[in-house]
J.: 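Sharing a structure, written as structure tokens. Questions coming.
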Protein chains: 2
Amino acid sequence: MNQVLASDIAVPGNLSTRIYADLQRKLIVGDLRPAENLSIRTLAEEYQVSAMPVREALRQLASEDALIGAAKKAYRVPDLTSEQAADLFFVRAVLEGAAAEIAAERVTDADIKILAKHNVDLESAWEKRHASDFLFANYQFHRHVYSLTGNSALQSMIDALYVRTGPWLAFGITNLVRPDKWMGEHDNIIAALKQRDKAGTRRLMEEDARWGVEVFRELG
Amino acid sequence: MNQVLASDIAVPGNLSTRIYADLQRKLIVGDLRPAENLSIRTLAEEYQVSAMPVREALRQLASEDALIGAAKKAYRVPDLTSEQAADLFFVRAVLEGAAAEIAAERVTDADIKILAKHNVDLESAWEKRHASDFLFANYQFHRHVYSLTGNSALQSMIDALYVRTGPWLAFGITNLVRPDKWMGEHDNIIAALKQRDKAGTRRLMEEDARWGVEVFRELG
DNA sequence: TATTGCAAACTGTGATCACAGAATATAGAT
DNA sequence: ATCTATATTCTGTGATCACAGTTTGCAATA
């Protein structure tokens with residue numbers, strides 16, 4: 001059962017917000033699969049709440065195109081076309097590239113240690129072929145970089161992109177053919193950050209985002 | 001009274017979506033002022049619907065930070081700090097700059113005629129000091145440019161930025177000291193598009209977005 | 001056995017009510 | 001006249017119900 005709503009733990013906000021956050025996380029790490037249906041009443045029972053908070057959470061995710069919602073039809077996780085996926089990764093490259101340039105100015109040694117740890121988690125998850133752990137570590141790594149900008153508007157917009165690409169990436173990496181040439185990318189980013197190399201960090205971050213498109217091309 | 005919900009006109013979607021779209025437009029053109037309160041029940045009466053669709057629209061706008069919502073307190077239009085405004089215009093410059101570069105590759109002569117018309121509307125609205133017409137024409141101009149990318153994810157993200165900066169810009173331009181040096185920017189963008197100058201269009205578009213920050217600095 | 005049609009189950013949407021906390025206005029005291 | 005305490009009004013939130021369109025499954029027919 002879901003622990004998200006345990007009321008003894010101090011959680012911010014109302015029920016809708018908590019359910020929204022939980023579903024958002026599940027989308028990012030690929031716990032929800034493309035074309036999967038989400039029913040208000042079913043989720044309400046799982047979360048042990050009424051339909052009210054769930055419908056608001058689902059509507060909110062649908063408004064961000066993290067879910068597809070049509071009248072009188074069940075909400076479902078989008079199954080992206082190649083063009084849609086490419087569009088999302090393009091925006092991610094633009095935003096994360098700009099963020100990385102700023103991050104290179106502000107990064108501290110403590111930040112680099114944290115990034116290195118996330119990278120260890122990433123490779124550990126890859127060894128175990130654990131898709132959700134892998135995606136979560138990847139998200140944590142990237143998020144730490146663009147959070148260094150201190151620009152909350154920028155952060156939430158990039159977050160929204162990870163929510164939308166999560167389900168598709170989870171499918172993609174489990175069928176990945178050649179991950180080797182990409183696995184060292186994060187190390188290169190850390191190295192560029194260490195040198196406070198703005199242009200280099202930006203270029204590497206843009207490349208890393210573009211990797212998502214590569215995955216897609218391999219799968220056809 | 002609001003005509004948005006006239007049911008004889010074929011409108012897409014449900015009540016929540018229509019109310020959301022109407023409020024979104026009002027935010028973009030500055031019909032809603034910073035720190036203004038929005039009550040679910042009051043709006044429900046204005047739109048002649050129950051509270052249900054309104055609360056979903058407001059919640060959705062709050063989730064995009066287009067409105068501020070706290071438990072048991074009225075929703076209200078955000079009153080941006082200088083840092084928050086600068087952050088928003090930074091993201092706008094990044095996204096619109098990247099979009100403009102692509103637009104310069106795809107722009108047609110028909111597009112340029114449309115852009116020129118929006119620019120005429122813009123200057124006409126300025127002569128009359130009509131803030132909402134001015135902001136709407138400005139939005140139309142920019143939107144036409146970044147819609148040329150065909151990237152819907154990119155478009156909706158930029159749209160969200162106009163929603164958030166609208167109320168603040170509406171206040172800003174009415175108190176604007178020196179608009180002259182900025183009024184020709186759009187003409188320069190059109191000229192760069194005519195020449196299919198990717199780098200130039202991008203640079204000019206980034207500058208134009210940065211103008212929003214300038215406005216703020218003038219006002220203190 | 002395959003196909004068609006109908007009924008039952010399931011879907012989101014909108015309306016309405018109860019509730020608790022926040023804001024406001026009013027009346028009382030100093 | 002000013003400050004304070006209290007009552008009233010207003011706020012979003014959650015739950016529950018009715019409704020109509022969609023999907024699904026089962027049974028009857030060819």
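Quick note: numbers below take in every heavy atom, side chains included, and nothing from hydrogens, waters or symmetry partners. Owing to the predicted nature of the structure, the values given are computational and were not obtained by experimental measurement. Chain letters run A, B, ... following the sequence lines, proteins first, then strands; residues in each count from 1.
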J.: Hey, what's the ring geometry for A/H142 with A/Y162, parallel, tilted or perpendicular (30° and 60° as the breaks)?
T.: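 A/H142 and A/Y162: tilted rings.
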
J.: Can you check the B/Q48 CD to C/dG14 P distance for me, whole Å?
T.: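 Going from CD in B/Q48 over to P in C/dG14 covers 16 Å.
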
J.: DNA chain D: A/S50 or B/K72, which has the more 5' nearest nucleotide?
T.: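 Nearest-nucleotide comparison on DNA chain D picks B/K72.
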
J.: Expressed in angstrom and rounded to an integer, what is the separation of B/K73 atom NZ from D/dC10 atom P?
T.: 19 Å

J.: Can you tell me the distance, in whole Å, between the CE atom of B/M52 and the C1' atom of C/dT13?
T.: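 One finds 9 Å between C1' of C/dT13 and CE of B/M52, rounded.
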
J.: Counting only N and O atoms by type, is there a donor-acceptor contact under 3.5 Å from the side chain of A/N151 to the main-chain atoms of B/D87?
T.: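 Such a contact is found between A/N151 side chain and B/D87 backbone.
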
J.: Respond yes when some side-chain nitrogen or oxygen of A/S16 is under 4.0 Å from OP1 or OP2 of D/dG14, and no when none is.
T.: yes

J.: Does the Lys NZ or Arg CZ of A/R25 fall within the cation-pi geometry relative to A/Y139 - under 6.0 Å from the ring centre and within 45° of the axis?
T.: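 No.
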
J.: Between B/L43 (CG) and D/dC10 (P), how many Å, whole number?
T.: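 To the nearest whole Å, that distance equals 15 Å.
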
J.: Let me know the distance between CG of B/N14 and C1' of D/dG21, rounded to the nearest Å.
T.: 14 Å

J.: Quick one: on DNA chain C, does B/A51 or A/T42 contact a more 5' nucleotide (nearest heavy atom)?
T.: A/T42

J.: Looking just at side-chain N and O atoms, do B/T108 and B/D111 make a donor-acceptor pair shorter than 3.5 Å?
T.: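 Note: B/T108 and B/D111 side chains meet the donor-acceptor criterion.
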
J.: Please confirm whether the shortest side-chain N or O distance from B/S39 to OP1 or OP2 of D/dT11 is below 4.0 Å.
T.: yes

J.: Ignoring backbone atoms, establish whether B/Y75 has a side-chain N or O less than 4.0 Å from OP1 or OP2 of D/dT13.
T.: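 Affirmative; the distance criterion is met.
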
J.: From CD1 of B/I40 over to C1' of D/dC10, roughly how many Å is that when rounded to an integer?
T.: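 Distance check: B/I40 CD1 to D/dC10 C1' gives 12 Å.
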
J.: At under 4.0 Å between heavy atoms, what does B/R59 touch on the DNA or RNA strands: base, sugar-phosphate, or nothing?
T.: sugar-phosphate

J.: Judged by modelled atom types alone, do A/N14 and A/Y20 share a side-chain donor-acceptor pair under 3.5 Å?
T.: no

J.: Measure CZ/A/R55 against C1'/D/dG14 and give the value in whole Å, please.
T.: 11 Å

J.: Grab the OH-P distance between B/Y47 and C/dG14 for me, whole Å please.
T.: 14 Å

